[in-house]
Structure formats: C-alpha cells, structure tokens
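As the structure is a prediction and not an experimental result, all values here were calculated from the model.
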Amino acid sequence: MWKRAKITDQTASGQGPEQGKHYKRKVGIKKRSKVPGVMITQYVEELPEGKTTPDFLRKPIALTIQEGKLAIFKAVVSGNPKPEVTWKRAKGDMADQMKFQVKYDESSNEYTLLIPKVSGEEADTYKCFAINEYGKAVCTATLNVIEVGFKKNKAMEEPGPTTDPAEFRKLLRKSAGRKVEEKKEGEIDEKFWEILLSSEKKDYERICADFGVTDFRWMLKKLNELKREREEEQALYIDAISNLKHIEVKADGSASFELDLDLKDPSSRIFLYKDGVMIPYSRDMEMKHNLRQVGKKLVFTIRDLLPEDAGLYQVDVEEVNVFSTEFKIPNIDFIVKIQEVKAKEREDAIFECVLSHPCPKILWMGKNAQLEDGEKYQITVSEDKLIHRLRVRDCMQLDKGIYAAVAGIKTCSAWLIVEADSEPVPPGKKKARKTTQAGGATVNLEKVAQEQQVKLQKEREEKLEVLRKVQEEKEVAKAAEPPMQPVVDGGDGLGEGSGLDDGPRLLNGSTGATLDSRPKLESPPPPKLESRPPPKLESRPTPVIAKEDCPAQKIPADDGMRDSGPVKEVPAKTPPVDDRDDGAEDQNKKRTRTGPLVPDTVIGETNNEGAATDSNLQKRQENRQGKGQGNQQANGQGSGQGEGQEQGQQMEKESVQGNGRNKRQETGGENGEENGQEGPGEAGRSTKRTRQGPLLSDKVIDPGVQFISGLSDVNAVVGQPAELMCKLSGESCEGAWFKDGKQLSSTDGLTIAKDGPCHKLIIKKCHEEDTGKYRFEADGRKTEAMIIVEDPPRLDPDDLAKFSQPVIVKAGQNASFKMPFVGREPVKVQWYKEGEELVDDTNVVVEKAPTHSRLLLSRCQRKDTGEIKIKLKNDFGTIEALSRLIVLDKPTPPQGPVEVVESSASCIAIKWRPPKDDGGSPVKGYMLERQQIGRNTWTKLGEIPGVAAYRDTDVDHGRKYCYRIRAVSEEGVSEMMETNDIMAGTKAYPGPPAAPKIVSAFKDCINLSWTPPTNTGGSRILGYHLEKRKKGSNIWSPVNPVNEPIQDKKYAVKDVVAGMSYEFRVAAVNISGAGEPSVPSDFVIARDPKKAPGKVIDLKVIDSTYTTLSLSWTKPTEQEGVQDEAKGYFVEIRPAESTDWIRCNVIPVIMTSFMVKGLKSMGMYWVRVIATNEGGEGEPQDLDNYIIAMPPPVRPKFTDTKMKSFMVVRAGNSVRVNVNYEASPWPDVVWLKDNMPVSKRVTITNAEGTSQLLIPSSERSDTGVYTIIVKNLVGQETFSIEIRVTDDPKPPGPVELEENVPGTVTVVWEPSPDEKRDDRLHYVVSKRDSSKQTWQTVADRLFNNKFTACNIVPGREYHFRVYAKNDMGLSEPSESPTWGTTRKRDKFTVNMPQYRPLDFQSAPKFLVPLKMHMAPPGYECYMSCAVSGNPKPHVTWYRNNVSLNTNTNYYISNTCGVCSMLILRVGPKDHGEYTVMAENTLGRAECSTSLTVRE
C-alpha cells in the first residue's frame, strides 16, 4: 500500500528518528517536558537522589530569513550531571566548522549554533540533543531561507543527460540500490485503494471515475480482500472505529476531519501522514496541524490553508493505518465578494458572488453553521456556474449576523443587518411578508461572469496553441531525421520487433544472413525537408504494392494517421504471394513511413476502410495463386532468424509466411532496437521466415474513392439555412443523400450540389420537421450526421433596435415597453428593472401573449429611472434585450453649505454645490433672491448662468444679508435653498496657522514650512508674516518686511548667527489684516547637520510583568565626525511570530529607561533601542535573546497562614473554599476530588493569585478529600482539605436490655438509618438509676450496636438512652424499658441445712467472645468480652502475638469478669489480630478477633 517514511525513534509527536549520539540504554521511558515541543527519554527506571535527566529551559525557535544573513539558534539546557549538547540536521552533515559554528557562553549557559551567510542549501530541520548518563532531551527548529534571484551555480550543478555508455552504466549501477517505486503504465495508483478503504459505498463510483477504474467486479473483490487484511492489522491496537468524517473546509478558513477511535491501549501512539510522509502536529492548537481529542473522538485540524496542503492524509495507530482521506483544493477565487446587506423585517435578503472558475456548488455558512437549500434559505447557481446566490427568506431579528461563502480554501463574509419595521401593526395581527428584497451586488454580475468566461476561453485556447506548436515542432524535428537504409534479415527463429512511428520498412532476406552480411537495398536519396510538409492528422489513401510475378499485395490504411511518403519498388526474392486478406485482427493498428523504400508504380488508391473496389477485387482474384510462401504478421512472429536495429528511429518489420495471409507489425522501442527470441540458428537472434528468391518490383493498384472529410452534426435555427458537406478523394464519383433511410432529391427548399470532390446538401429555410439523421453514400462508402433544428426565442432586429431606444417620460406619466418575439412554446417571459424582477403590482402591469410581451409602468417617478431588461427562455435557449427608462423631473435644491468666499465692505462673494439630481436635464442656471436682515421683502437678483457662484457688489457696510437659491432646468425650478446671515464689511481675521516645521538647518540658513490656517476669516489669504526669537529673549523680530507678506508656505531664513538657537512663528494675512500668530516652533540651532548617533550601551531588562517590560541602557558615546550625541531614543519590539518591528513611542524619550506596555501575556518578543538626534536615527541595539512577557519566575506557594484542612457542611448548604497563592508565570490550577477530576456540579473560579471551589447545594455524595494543584514552569504546590457533607442523625431503633452476667446489663439497639451513609456516625449511651434523678453518660464513640453496663445494683431501677452522634451533633434519644425488680421482704427464718463441701474451682471459660471490629482512622475502638473461672483468671491482651498489657496506648480493664480494651485513637498501625488469653491454675482459654482500619 502507500509507502511512508520509516520511524525508528519517535522523539516528538510527528517528528522523525533521532540522529544524535546514543548512550547504551537500560530502559526508554518517554516523558514530556515543561517546554512544548521537547521530548525527554529517561534511561533508568529510578533516578538517584539529586540527579535529573536533561531538559530544555529555552529551546531554539524556527527562523525564516533572507539568504546572505546570519542565522542563530540558541538553547539553554539543564540536568545533573551537566548534559552534553550536540546539533544535527535532517539532511546532510555539519562537518564544515566554518559554515556551522557551535559556541557555548558560560555566563548565560547558552548553547549557540551560528550559520553565517545562509543559502538555500542550509534550509533544513535542525535538532538539538542534550544527553547525560540518565537520559536525553531532543527538540527541533526549522530554518527557512528566502532565496533571491536566479542561482546559476545551482543550475549548473544539476546533472544533465549523459551520452557516454560507460557513464550511463555507472548511473544504472549507482541507482540500483535505491528503491524508486513508479507507477507503471496501466497500473492503478495506490492512493485509490487507500481512499476506498475509508469511504462509503455511495462514493465508490465517483472514486473509480477519478482514477479511471472501470472493472467494478474486480475492484470489489480486491477491496474486500484488503479490508480483511486491514481489519486483522487494526485488531492488534483498536477495539472499534466509527463515525468517519472526511476532510472538509470550515468557515474560519481551516480544514478538519474526524473519527471515533476506541484504542486497546490508551498510550498507543497516533501518527499523521500526508502523501506518505509523517508530519508533526500539536494538541494545543499551536502548530499548523493539530489534534483535539475529546473522549474517543479525534479531530484533526489544518490551519492557514495553502494550495500545497492538498494531498492524501492518513492516520496511523503505531504502524497500522486506520483512516485515509484525500484533500482536494480547487483553483478558485472570488472575483466579486458578497457585500453587507441591510434588510427590513419580513423582507428577503440576497448575497451574491462571482467565482474565477466554474464550480457547481460552494459552501454557505450562517453564524458558523452550514446552510442548506430549503424553505428558509434558497441557494442558486447560474448556468455558467460562476454566479452563486444565497437568498434569506422572510428576514427576522434572529437572522442577523455574519454570513460567509466558502469556495475551496477561499472565503468571504459579510454582515446581514435586519432593521426593525417602523410601520404600525394592528394588535393581534402579524406583519405581512414583504415582496421586496434587499442586498445583491452593486455591479452587473452577468457582465462580470461573461468577461470571466471570455478570459477562461482565451486561456484554454492559448494552452491548446502552445501544445499544438510543441507537437508541430516535434513532428518537424522527426521529419528532418534522415531515413535509414533498408536492412535484410535472415534466420530461423521467432522475433518480436519494436520501432517508432515513422521508421523505414525492413524486409526479411535470405536464410543465414547476419547483421553485417545483410545485403543493403538500393534506394534514392531521402527527400529534402522543404519539400516534405509536416504530416497532418487526416485520412490518407492506402497504397497497394504490386509485385511483378505476384498479385497486388494490400497494406492496410492508416485510418486517420498521417502518410509518410511514397512506397518504392524493390526486387522480389520470394515466390508469388497470395493476396487473400482473411486475417483482420490487426487492421486497426497504425503505421507510417518517413521516406522512400523501393521504387513504386502508383496505379490507384484504396478507400479509407482498406477495402478494394470491384475492379481491383477482380484483378486480385485473377492474379491470385495457390498457397504462397510469405506473410506479414502483425504480432511480429515468423519463421526465420534475424535482428534489425535502428538507433533513434522507428522500425517496422515484414515477414512472409506460406499461408498466403497478409499482416504487418508496428511497435515502438525506446532505443530503436529490436531483439528476437532465441532460435535454432543463433541464441538471442530473432527467428523469421524469409522469402526465397529475388524481391519483385511492386505496383500500386487503384483501390477506389474514400472520404477526405466526412459529415458533421449541425445545429440549425428555424427559418435559417443549414448545410451539410463532405469531401471525397476523387471528383468523378457521384453519390446519393438519404434522410432517415429515405433518398433525397433537390426541391424548392432543398438543394443538392456538387463542387468537384465536395458534395453539399443545403436546406434554405429550416423547419422543425427537417430534424433527423442524414447520410451520404458514394461508391459503397457512407458518412452520417445529424441536423437538429432548434426553435429558441428570437427577436426581430428592427424590433430590437426600436426596443433598445430609451423611453423618456415626465414624472407622473406612464411608460410602456413592448417586445415581439417568436419561438417554440412555452416561452417564459421575465421583466427586470435594475436587475430586480418585476411582478404585477399597483404601478406595474406585465402582459404576456404568444407573440409579444408588454410592460406598463404607471405614475413613474424620478427614482424609477434605470435599466429595463426582458428575458425570454424556452427549452432551446435564452435571449435578453435591454432598454432604459428615463423619468424627467425638476432638479433637487442646490446643495449646501454655502461658502463665503469674500465678505468685505463693498462685496459679498458666495459659492455652493450643484443639485444632487438634475432631474434628467442639465441645470441651465440659478435664480437668486436677497433679503436684508430686518426687512420683510425679498429682492430678486435675477437668473445667473450655470456656474454655482455669485458675487454681490450692491451691499452696505455693516448690513447682514440672506440669500435664496433655486436651480433652473428645462423641466422646471427646484425648491429653494436659504443661506445663513452674511455681514458685509466686518473685519474677520484669519486663524493661526500650524506651528512652523524645521525642514533643514545650516549655520547660515534655516528652512521652514507651515500649513495654512483652517479659518481664513471669510476672505482669501494674501500672505504670511514670519517672526523669529533667540533662545532666552522675549523679543520677536520680523523676518520679512511688514508690507511684503510671504506668498509661499515656506521660507529660507538667512539672517541667523551660527551657533545660536532660534524659534519661529508665523501669522496669516487676509484683507482684514494679520491674524493671530501660530504656536512657536521647536528651537533649532543654526549649524550644519549632525551625524547620527551610535548604538546604545548596556541594554538590559530591569523588570517585567505579564503586560509590561522595563528597559534601561547607557547613552552611546560621541565620536567627532563619526557619531554625535543622542538627543532621544526609540524603543521597538517584534513578536516572535511576526517579521515587522513595532515602535512603542512616537516621540523620542530623553531618559535612558523606558517601560513597554500592552504586551501579550507569556508572549515572546524581540526588543531593540534606536538612538536619534537631529542627524537622524542610529543603528539599533538588540537584546541578545528574546523576552517572555512574565514576571520573574516564582515557585507556587500558598499565602494563607491558617488554612483549614477539615470542613463539615450541612447537606443542602453551599460549600465555598478560597485558596490564595502566588506564582509566576501564571500557573495551571487543577482541583481533584479523591484524586479524580471534580464533577460538573462543582464550580471552579480562577483569578490572579486566587482560586475558589464552590458547590452551590451540597449533597452527601460531595464528601471527600479535595486537592488543589498549582503548577507552573518552576514547580508545583498542593493542598488538601477534607469536606464532610452530613445532616442531623436520625435516632437509633428500639432498645432492648439483656442480662448475660450477674451485676451487668447488656444494652442492644437497632442501628440508625444514617449509619450506612455516614462512616463517622457513632453512638452515645446514657444511664439513670432510681436513686438519682440525673442522666449519666456511660459510653461514647460506640461504633457497634451493643453496650454492657456494669455495677448494676439489685433492687434499683435503671433507665438507658441511646443517641446517634455525628459531626453535626446528637439525634433524638431512643429509650429503653425499665430494668430491675422490687425486693420483697419475707419473714426471717434461719434454717441450717446440711452442707456438703463443694469445689467451686473451674478452668477459665469465655462466656461472651470478642467480635470483629472495623473503625476509621482517628476514632476510638472498644473491644470487650466476658470470662469466668475460679480462681480468678489472669487476663492478657495480645496484638499480632505481642502483649499489650504494658502498652500505654491501650486502656485495658477487667471488672467482674468483663474484660475490655479501649483504643483511644485508631491508626494504621493498629490494624491486625487481637487475642485475649485468660489463665489460672486449672487451665487456659483464648479468644481472638481482628481490627480493620478503613482508609
């Protein structure tokens, strides 16, 4: 299947094998570094204390630089012992120490790789290895070199074709070791099977069509075999694979494909390949190729799509392929992009675009969701597949947003803005849907698409023209080659020949002739190149060779191939040849000849199909003899031995066999050689049977007529003429015309004509019944063609010219358009105005008839002016006609505001802008009226010409005037425009100009420039006054005379003293006088220009945060004549992912420190400082390395001194845990519950320096140990808190009392219902006897359901209460029944019985044994048992056979035979087997139990 690069060591996700130095490994544990893109391999299972594996603190970054520049890779590594750092490249070596310089800086611990003057040869992937005895760390960096200009040396080094055979054999031996798999002719591409294995059945037919596979049965059989093999391979690593989604382009410009993968081993490696080559990817969207895994779903994404991203993408698990998808990127772009659309509610919105190449379907996206054609959205495509439209029907507020069109990897987007409809709606009713539409392109899309079609057609024709010229050059070059002399073969073997298409014909010679001893046939010299035109791809007559002593022998015609020249006569050496042509298996094979072979006598010609005419057949039968001795075989086999060679030309062989059949062989060879199979005569020689005797001279016999050009299909229009024509090889032949099998003859409407060899059938005026199949027959030959009579809509030229003339009406009048047409029904008629289709409405009426259509527009307004189009369409075609509607109306008012050009004591000059719409007629002039403020009358000033300006000289000083202006055209007078009050004669001084700028300064001249004031004071600026002032002085002195204002806006001040500082100001002068002076300029010293400063010194970073960076430096030194003093500094930064420098300060800073603000957190930046002065900017000084926007590294630590490690919360209440910390850079904060991720019910809020865990409504299931992990590049810190969610306990069940031992009472109760849900729940027992009125707690922290009370006095009544207790408190008590009886006093009598001595001694015996116990850590555990024996036994407690009686951690008691032991605080060490041993003089007894400590 598809071949991939072999992977030996997966150093990083998607990277190739390691090429660095290897130490002997014990194990190979892969670890991830804190720095992305670095892979660590640990050689030992456990690291010794204080030892670490190598790691990169800062890895080298990828570079893209121009050739000739210096490339620098820097890295900082860590590890104990100190690792050894080496550099390698993927292609080639780095042995040239002058080209690849490796350095180490002890002060900064930086390892540097320098590549001076890089070129395209150094563009490669470089690897940096850090290795010590405990492991290695590897990272990669790519160097991209931008080459400039043509590389002559590189072109000269490319090997050319060799002509030396010895060198050629060396090349063959050299390339023999490389495995180059090329697709052979006829072999199916391996990509075909890879794509089929991952495709659905519905896509099989399309994929087979793309790869040219037609045998579907064979394909399905092999595909099933491959699927079985693939499933067996996948079963090693995969349980299931499903939900395969092939690659597709998204609206954001990326492409992705998905699959669900259930891996047997979650740690299995996943690889991504493109066209068989592994490509790297990341899991955090940092690279071009990314993998996002959500559960079992894998989503591969390709960002920033480019044309070179097309190819076959494959996903492998370990070494097994699981999915393949092909990414095709069409060469499509947007000529016209979609535009923003503003639509009203219930209105349709249209987005339109035009593509550069035809595309049947593009992807439409709306608010990041794919849109489909349906009720809401209508997606249409034009017939030429260039114009694509999206119609959003019935727009509502929910439809507004961004819509995008996606074609290949190109996208364009635009907003849809839905405006609320201001029209009132009756209560309880819905707004009616509007029939109007909004949007659409602002240009004529049909015209743009038509121009693009013409452009594409021109490109195709240019490509075809280039291919045709190349083909002609090849044919001319082939024709110029000299023809080979015929060579006669001999031998007794079988041979297979190969030759090119235009080689000479080789005839077999006598038996036993070798290559050197073959007789050469005499032939005339080859024809000149000028006399032989290039061969044409058309049919030629087939020559027939006639031998002197044998009948004519036919050579099959080259059906449609070029003729290679006449066939010459050759002396025959064979017996007469039978000309029967009973073998037709190779008649379709083609051959050509390049020159004369033997002298021929041309008698006639054969037709195109290779069959002789009747007369020739008769002659051939008369000359036909019995069985001949020769045969030309098309398969290249015959009897005889020989070998024919032809270097660089075509070879064609003929052999004669005795069965009388005539065949031929033509094949092509690469080197012009033809080798035969081994025969009895000589090994390796071709075996052929040759003619015995002299060759006979040949004669060509006339085969009859043939078609030089046949009939071609014709599409005709009803009423138009149609013509069919064919051309024969002879002029004397007559023929017959047929239509649908019936012979035709000339009639009034049908003409049959003959012009020499050309035969024509002309239909003067076509009708629909003329459609059919036409055939022409001549001399047994025939040719056929179809005439298809179409009836598309057609327009009369006179009617079209009349319709094209614009219709001009006045406002309020009606306009009508009428267009007659003809064409087959039904004809669809559509009228358009400015591209919008017109339908019947209040002011629009569309009339349709079988022969014409009429459009009536009533009460036309000026806004109705525009293009009118009619579109006619039926099954045979479409036609359009254009006209124009012009509605005339009075012009709109002139446009303001009015500009006061002059306002003096004797004149007011104003000007304004012409009307926005002239109403269809040009504005002839303007009518003006004037009113003096304070009066009620308006004075008519008359009509002025079409210039929009007026100068009023009849004004009084100090008076105010107002003007009314109306535009006048042939259609009427516009509405008026009224000006503001304008005063005559008021002095209005101009405003101050801008501060003068210093253009240049010299010791004897200072050049200044300035800009005019924005306020001219209502009159023209007459000039400027310029003043200067020395530094330290308060006196301004004029530069120019007061009565001679400066006319220009620049001036050269020459009245200066060298070395003095000056500042300048300027004032504008108008008719009223000089205005206010400008702001003074900067001080400038009258001296020659300065030199630019040098580089700043000691540039360093003094502080940094996530958004700021503080720099400091020392000013550059001064060198007279080389570099002057710096007056300011510019600070520039460049993000690592960009190539452009960004200047941080617009005005130079004077201080030698600066704070850069607005940085991106954790962003990588290059920083430089540029000194500047009056002489310009100096050279920049860069920092040695990039800077990361972050504070100084701080290991995470918690800042709260009193942090609770235990919390009890009542069920239903909220849980809130706040943890404050400090860390730099910003850490990753993770919360765990019982070492597992917290559930979705838990809300985690992270802010700078704090993290909060919140459970809004707690449940008992939320009980557990919560751990916060704060981790950054420096380290990590953890803290755990136990949260117990509980509630008030429910009381225990019924309480019963038992007496097992006299003087004791055993209290037994049913457990509380909460005991199973709360592992910390225990019981408390209280007692009250009849002699006391208070309750006394006799037992606490009981985790079992039984308690034995001692010291029970007979005659007293006892009451017991049992409580359930947890972290929230006590439950309600459960009461026990009363225990005890009243003592009865009988009469005291003394009976002295006879006593018999009894022995009360007995061996120890356990009455109540120990029971199993299970307790959580930190709680009490109480064990008890009852033992009897006389004498009183000695009781000893053991744990794991170790005595506990002397251990103070255990409280042991023995009261009246009740033995008990109390463990005050259970810990893990208390887990084990406990034994009680009772012994006296009569014996020993044991009882055992076990204690389990819950974790």
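Residues Ile787 and Tyr774 have side chains in contact (heavy-atom distance under 4.5 Å, counting atoms from C-beta outward). Using a 4.5 Å heavy-atom threshold, the side chains of Glu784 and Lys773 count as touching. Looking at heavy atoms from C-beta onward, Lys818 lies in side-chain contact with His852 at the 4.5 angstrom threshold. At least one side-chain heavy atom of Pro358 sits under 4.5 Å from a side-chain heavy atom of Leu456. Side-chain atoms of His759 and Cys726, non-hydrogen and from C-beta on, do get closer than 4.5 Å to each other. Residues Lys764 and Pro721 have side chains not in contact (no heavy-atom distance under 4.5 Å, counting atoms from C-beta outward). Residues Val718 and Cys766 fail the side-chain proximity criterion, which asks for heavy atoms closer than 4.5 Å. Gln452 is listed as a side-chain neighbour of Ser356, based on a closest heavy-atom distance under 4.5 Å.
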For this session: Could you go through the side-chain hydrogen bond (donor to acceptor under 3.5 Å, both in side chains) check for Arg460 and Gln457 one step at a time?
Result: CA-CA 5 Å; Arg460 285 193 290 266; Gln457 181 64 25; 2.9 Å; yes
Problem set entry | Working for side chain to side chain contact (heavy atoms under 4.5 Å, CB included), residues Ser709 and Lys727 | CA-CA 5 Å; Ser709 61; Lys727 186 176 182 180; 3.2 Å; yes
Problem set entry | Evaluation steps, side chain to side chain contact (heavy atoms under 4.5 Å, CB included), between Glu777 and Phe738 | CA-CA 8 Å; Glu777 295 183 358; Phe738 297 86; 3.8 Å; yes
Problem set entry | Arg468 and Glu472: CA distance, side-chain angles, deciding distance, salt bridge (charged side-chain N to carboxylate O under 4.0 Å, His left out) verdict | CA-CA 6 Å; Arg468 189 185 63 79; Glu472 289 181 355; 2.2 Å; yes
For this session: Would you sort out whether Glu790 and Arg824 count as a salt bridge (charged side-chain N to carboxylate O under 4.0 Å, His left out), showing the intermediate values?
Result: CA-CA 9 Å; Glu790 300 176 346; Arg824 180 183 294 181; over 6 Å; no
For this session: Check the pair Lys463, Glu465 against salt bridge (charged side-chain N to carboxylate O under 4.0 Å, His left out), reporting the backbone distance first and the verdict last.
Result: CA-CA 5 Å; Lys463 292 180 180 179; Glu465 182 66 20; over 6 Å; no
For this session: Check the pair Ser853, Ile870 against side chain to side chain contact (heavy atoms under 4.5 Å, CB included), reporting the backbone distance first and the verdict last.
Result: CA-CA 9 Å; Ser853 180; Ile870 182 174; 4.2 Å; yes
Exercise. Which is it for Asn331 and His357 under the side chain to side chain contact (heavy atoms under 4.5 Å, CB included) test, yes or no, and what are the steps along the way?
Worked result: CA-CA 7 Å; Asn331 183 21; His357 292 78; 4.2 Å; yes
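The two residues Ser745 and Leu750 make their nearest non-hydrogen contact at O-CD2, 3.5 Å. Between Ser729 and Ile708 the shortest heavy-atom distance is CA-CD1, 3.6 Å. Listed here is the closest heavy atom pair of Leu795 and Pro820: CD2-O, 3.5 Å. Across all non-hydrogen atoms, the minimal contact from Val714 to Ala722 is CG1-CB, 4.4 Å. What you find for Ile879 and Arg794 is that their closest heavy atoms are CD1-CA, 4.5 Å.
Distance check, rounded to the nearest 0.5 Å: CG of Leu761 to OG of Ser746 gives 8.5 Å. Summarising the geometry, atom CG belonging to Asp384 is positioned 9.0 Å from atom CD belonging to Glu446; distances are rounded to the nearest 0.5 Å. To the nearest 0.5 Å, atom NZ of residue Lys469 and atom CG of residue Leu464 are 12.5 Å apart. In this structure, Ile763 CD1 and Glu723 CD are separated by 10.5 Å, a value rounded to the nearest 0.5 Å. Distance check, rounded to the nearest 0.5 Å: CD of Glu825 to CG of Asp791 gives 9.5 Å. Taken from NZ in Lys869 to OG in Ser883, the straight-line distance is 13.0 Å, to the nearest 0.5 Å.
Ring geometry for Phe707 versus Phe776: interplanar angle over 60°, hence perpendicular rather than tilted (30 to 60°).
Heavy atoms of other residues, nucleotides or ligands lying less than 6.0 angstrom from CD of Gln450 number 12 at most. Atom NZ of Lys828 sits in a sparse spot, with 12 or fewer heavy atoms from other residues, nucleotides or ligands closer than 6.0 Å.
Ion pair Lys385/Glu383 not flagged as a salt bridge, since none of the NZ, NE, NH1 or NH2 atoms sits closer than 4.0 Å to an Asp/Glu carboxylate oxygen.
Panel note: side chain Lys754, backbone Gly756; a donor-acceptor pair is recorded below 3.5 Å. Proximity of a side-chain donor or acceptor of Ser382 to a complementary backbone N or O of Ile387 within less than 3.5 Å is detected.
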